[in-house]
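Below is one structure, written out as structure tokens, with a few remarks after it.
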Amino acid sequence: MLDLIDLSRGRSDMGTDEFLAHGYEVLGWMAAYLAGNEEHPLVPQAPPGAVIRALPTNPPLEPEPFTAILDDFRTLVVPHSTHWTSPRFMGYFGLGPCAVSLLGWMLAEVLNPPRMLHSTSPVATELEVVTLDWLRQLVGLPHPLFGMLHTNSRVDLALIAALEALGIGSSTRGLAGRGLPRLRYYASTESHLSVEKAGIVAGLGREGLRKIAVDEAFRMDAEALERAIREDIEGGWLPVAVVATVGTTSTTSIDPVPRIADICERRGLWLHVDAAFAGLYAIDPHMRWILEGCDRADSLTTNPHKPLFMPFNCSVFWTRKPELLKSALSVSSAYLHQSHRGEDGPPDLNDYSDKLPHKFPALPLWMVLRYFGQQGIIAIHREHRRLAQLAAQWIGESTAFELLAPPTQLPVLCFRAHPQGMDEEAQLRALNERLLHSVLAEGRYFLSDTELKGRYTLRIAIGNIRTIERDVVGVWEELQARLPAALDACQGDREGGNR
Ligand code: PLP
């Protein structure tokens, strides 16, 4: 086989001059894209499968010029992207990376240091330790708090530590075949799906999660939690943990953490707070209230890739009990010698995680914190919250739209079109689905949807660093302008159905 390959056609890495020339071109494209000079529909217009069909099925055998690859990026990758980076993208949490985070990632990737053991690249660990302590101070959580960066919100790590805290030997002997009681953890019906996935990964299973009802403002009902725990104990279950959410995905409601902490302390349960979206709004001292009671949590997750303008994947896991993670997850090997720097030395972060190696997100995060500073971040968050309040006011005053969840001071709104005289849930659902699809098909704005107490709901989320008032005015005008056609189409559907 080997002699069929013509090795004279091999190539080494790009030379410095070529790298510079292409690098300027790439950066130029990125700058134009961020400035909005690259206008694209926010949602791909081609049918699903278009990229797969456009690409050769066989892998490249011969070297190709970088310009050809870049051309395909422009003509194939960009038009088939959903443009989350656009200021007019207001779906989910309206995320979007800032320029500094992108530059920081480029530098992190060129160093490519594995954050694994301290010794595999000391700066990867030490910058993370310092940056997460800055972040802790910025949101007002008490010292000491062990922090670590992960790609995503790691509720599974909280469950692993909670099991370790029980002292049932879960990390050494496993959970099966030992006559243990069935294990239970609790989260509200509005908790994120990652909470359920975490139980599957940590061995508690889907049935291990008991979902607790919410009140009229979509916050966990603490009394219902108390009742559920009591019932479970009477039924022979072993309660392990409670996951409270600060900023639920649909409405950004905030569970009553102080009351939940009381219950956890009384029952000896691990309290994990999922503050993936909302936690970092506490950087603004006026928003500190959202983390009330979180100083009593055993662990807490929050995502700089949401309101801190970092690209995916950058999530903080904080815990007051890192020794439990370490006793559950530390594994030694002959080829990776753990450092022995004593209690006060920088940790081998690999001991506190199931993954190795990890990239270097601490570098862009450190740069973002320095570039904006607390004041800069607060200014952007306040503007986003002002824009959301403005939109809430327009919706509240409109006769054709209504809010479906009380605004929470976080920049997300849940609403729907509700024209006078149309009160059937099925009709309202059909109308709002049509309205959303017509906005998405036009491609100028991106909104997302959810379901609240059985009602189909539209969401506007303002979180992109480049979103300004003009964009929010624009999406509101677009919704109003498209409503009559959506109504006509629904009317047509009904008449067609009646014939
Ligand atoms: N928790 C909440 C409340 C969320 O809204 C999300 C995502 O939107 C997550 C957890 C999961 O976040 P990720 O997987 O991006 O870390």
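Both ligands and their constituent atoms are indexed starting at 1 by order of listing.
The protein atom (non-hydrogen) at minimum distance from atom 1 (N) of ligand 1 is Asp274 OD2, 2.6 Å. Closest protein heavy atom to atom 16 (O) of ligand 1: Ser153 N, 2.7 Å. The shortest contact between atom 5 (O) of ligand 1 and any protein heavy atom is with Thr249 OG1, 2.8 Å. Looking only at protein heavy atoms, the nearest one to atom 11 (C) of ligand 1 is His192 CE1, 3.3 Å. Atom 14 (O) of ligand 1 has as its closest protein heavy atom Asn152 ND2, 2.9 Å. The protein heavy atom nearest to atom 15 (O) of ligand 1 is His305 NE2, 2.9 Å. Of the protein's non-hydrogen atoms, Lys306 NZ, 3.0 Å is the one closest to atom 12 (O) of ligand 1.
A cation-pi arrangement is present between Lys453 and Phe218, with the terminal nitrogen or guanidinium carbon under 6.0 Å from the aromatic centre and inside a 45° cone about the axis. Under a cutoff of 6.0 Å and an axis angle of 45°, Arg459 and Phe93 form a cation-pi pair. By the 6.0 Å and 45° rule, Arg136 does not stack over the aromatic ring of Trp134.
Only the side chain of Asn303 comes within 4.0 Å of ligand 1, judged by heavy-atom distances. With a 4.0 Å heavy-atom cut-off, ligand 1 is reached by no atom of Tyr92.
Formation of a donor-acceptor pair under 3.5 Å by the Glu190 side chain with backbone atoms of Val214 is not found in this model. A donor-acceptor pair is defined here as one N or O able to donate and one able to accept, closer than 3.5 Å; such a pair exists between the side chain of Gln480 and the backbone of Trp476.
Contact check for Leu157 versus Leu329: side-chain heavy atoms found under the 4.5 Å cut-off. Side-chain contact between Trp105 and Pro361 is present, with heavy atoms from C-beta onward closer than 4.5 Å.
The contact set between ligand 1 and Ala276, taken as ligand atoms under 4.0 Å from a residue heavy atom, comprises 1 (N), 2 (C), 9 (C), 10 (C). Ligand-side atoms of ligand 1 in range of Phe93: 5 (O), 8 (O), range being under 4.0 angstrom from any heavy atom. Those atoms of ligand 1 that come under 4.0 Å of a heavy atom in Gly247, given as number and element, are 3 (C).
Considering backbone and side-chain N/O atoms, Thr248 never comes within less than 3.5 Å of an N/O atom of ligand 1.
Between Glu425 and Arg455 there is no salt bridge, since no side-chain nitrogen of the basic residue lies less than 4.0 Å from a carboxylate oxygen of the acidic one.
Partners of Ala46 according to the side chain to side chain contact (heavy atoms under 4.5 Å, CB included) rule, which considers only residues two or more places apart in sequence or in another chain, are Ala50, His80.
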